[in-house]
Amino acid sequence: SVNYEMTNSLADFFVRRTGRLYFNIETVTQYRQQAVQDFINYLDWDEERVAFENKKLDELLYDATHFYESEILS
């Protein structure tokens, strides 16, 4: 998906390209490290980018697995 669909983030891969976050959430944890390693290899991510992407994916995982009593307003 990096080469043909211009995937450039973990969120992009697990949400938009594969739908795993919403339809097969267990596999996000299963394949997460492999995906990170592929992004490091293909897109030359440094440690700072890896940390940012992992933090963003953690937020999405939390959001997908927790119920909110009220709508979050920004």
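In what follows, residues are counted from 1 in the order of the sequence shown. The structure displayed is predicted, hence computed values, not measured ones.
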ask   = Taking C-beta and beyond as the side chain, do Y31 and R20 meet within less than 4.5 Å on heavy atoms?
value = yes

Under 3.5 Å side-chain donor-acceptor pair for R17 and T7 = yes

query = Can you tell if the side chain of V2 reaches within under 4.5 Å of the side chain of L43, non-hydrogen atoms only?
reply = yes

ask   = Can any side-chain N or O of R32 pair as donor or acceptor with the backbone N or O of L10 at less than 3.5 Å?
value = no

Heavy-atom side-chain contact between L60 and V28 under 4.5 Å = no

query = Taking atom CG of N24 and atom OG1 of T18, what is their separation to the nearest 0.5 Å?
reply = 8.5 Å

remark   = Residue set satisfying ring-ring contact (aromatic ring centres under 6.0 Å, His included) with Y62, at least two apart, ordered chain then number -> H66

query = Does a side-chain heavy-atom distance below 4.5 Å link F14 with T27?
reply = no

inquiry  = Which heavy atom of A11 sits nearest to which heavy atom of E53, and what is that distance?
reply    = N-OE1, 4.3 Å

request  = State, to 0.1 Å, how close I25 and T65 come at their nearest heavy-atom pair, and which atoms those are.
outcome  = CD1-CG2, 3.5 Å

message = On a heavy-atom basis, which atom in F13 and which in S1 lie closest, and how many Å separate them?
response = CD1-OG, 3.6 Å

ask   = Would the number of heavy atoms belonging to other residues, nucleotides or ligands and lying under 6.0 Å from CZ of F23 be above 12?
value = no

inquiry  = Tell me if a side-chain donor or acceptor on N41 pairs with a main-chain N or O of Q37 at a distance below 3.5 Å.
reply    = yes

request  = May I ask whether L57 and F52 are part of the same hydrophobic cluster, defined by side-chain heavy atoms of I, L, V, M, F, W, Y residues being less than 4.5 angstrom apart, directly or through others?
outcome  = no

query = What's the spacing between I40 CD1 and Q33 CD if we round to 0.5 Å?
reply = 7.0 Å

message = Can you give me the closest heavy-atom contact between W45 and N8, atom names plus distance?
response = CZ2-O, 3.6 Å

